[in-house]
**Student:** 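Quick one: structure below, then a few questions.
Just so it is clear, the structure is predicted and the values come from calculations on it, not from any experiment.
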Amino acid sequence: MSRITALSALPALLVALLCVPLSAHAEGGDEVRSKVPNMQLQKELAVLQFQPEAASEACIESLKELHKTQALLEEEQKHTNDQDLAIAQDVLESDFENSIEMCAPDVHKLCETQNPDVKLVKACENVGSLPDTTASTQ
């Protein structure tokens with residue numbers, strides 16, 4: 001896939017991933033653990049929305065892979081409630097962590113731009129903050 005085609009798909013991927021929570025994950029104590037990668041990636045994507053072309057090919061490809069895994073897991077949940085779901089959920093969490101790793105350099109580079117927009121500064125500050133898990137534990 002060419003870089004131009006990949007870039008044209010990025011805004012749609014960003015919106016799709018920002019709108020899809022990691023709802024397929026977790027029961028009980030695993031819920032907080034599984035939401036952390038989702039929340040961190042959402043923070044990174046919020047930064048990349050300011051300049052989607054700043055996302056590298058590695059970031060774009062990892063987001064596509066994550067999106068595919070989310071769709072597969074969602075489809076699998078409609079048909080079964082067996083051990084395969086646990087494996088699929090582990091793969092999804094791994095995909096989230098991979099996307100965070102692949103997109104982080106792009107996010108940091110964008111956050112280091114000179115005279116950034118005030119909203120970008122706020123989004124960049126959020127990337128480094130710890131997720132609020134207190135609402136999830138009640």
**Student:** Would you mind reporting whether Phe96 and Gln70 have side-chain heavy atoms less than 4.5 Å apart?
**Tutor:**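 In short, these two side chains touch, coming nearer than 4.5 Å.
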**Student:** For a 4.5 angstrom cut-off between non-hydrogen side-chain atoms, does Leu92 reach Leu66?
**Tutor:**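 Yes. Closest side-chain heavy atoms under 4.5 Å.
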**Student:** Hey, what do you get for CG (Asp106) to CD (Glu57), rounding to the nearest 0.5 Å?
**Tutor:**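 Interatomic distance, Asp106 CG to Glu57 CD, rounded to 0.5 Å: 10.5 Å.
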**Student:** Find out if a path of hydrophobic residues (ILVMFWY) with successive side-chain heavy-atom gaps under 4.5 Å connects Val47 to Met102.
**Tutor:**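 No, separate clusters.
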**Student:** State, yes or no, whether a side-chain contact exists between Gln89 and Leu73 at a heavy-atom distance under 4.5 Å.
**Tutor:**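 Heavy-atom side-chain distance check passes, below 4.5 Å.
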**Student:** How close do Pro116 and Leu120 get, heavy atom to heavy atom, and via which atoms?
**Tutor:**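 So the two residues come closest at CB-CD2, 3.7 Å.
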**Student:** Check whether any side-chain heavy atom of Ser62 lies under 4.5 Å from a side-chain heavy atom of Asp95, and answer yes or no.
**Tutor:**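 Ser62 vs Asp95: side chains apart.
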**Student:** Atom NZ of Lys43 and atom SG of Cys103: how far apart are they, to the nearest 0.5 Å?
**Tutor:**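 Rounded to the nearest 0.5 Å, the NZ-SG separation comes to 15.5 Å.
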**Student:** For the residue pair Cys59 and Val107, establish whether any side-chain heavy-atom pair is separated by less than 4.5 Å.
**Tutor:**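 Cys59 vs Val107: side chains apart.
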**Student:** Decide, yes or no, whether a salt bridge links Glu112 with Lys109 under the criterion of side-chain N to carboxylate O below 4.0 Å.
**Tutor:**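 Looking at Glu112 and Lys109, the cut-off is not met.
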**Student:** Roughly how far apart are Leu110 CG and Glu53 CD, rounded to 0.5 Å?
**Tutor:**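 Atom-to-atom, Leu110:CG and Glu53:CD are 8.5 Å apart.
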**Student:** Within this structure, what is the CG-NE2 distance for the pair Leu72 and His67, rounded to the nearest 0.5 Å?
**Tutor:**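 Rounded to the nearest 0.5 Å, the CG-NE2 separation comes out at 10.5 Å.
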**Student:** Rounded to the nearest 0.5 Å, how far apart are CG of Leu45 and CD of Gln40?
**Tutor:**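 It comes to 10.0 Å.
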**Student:** Any non-hydrogen side-chain atom of Leu41 less than 4.5 Å from a side-chain atom of Leu63?
**Tutor:**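 Result yes, sub-4.5 Å side-chain heavy-atom pair found.
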**Student:** Could you grab the distance from atom CD of Glu44 to atom NE2 of His108, nearest 0.5 Å is fine?
**Tutor:**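 Answer rounded to 0.5 Å: 6.5 Å.
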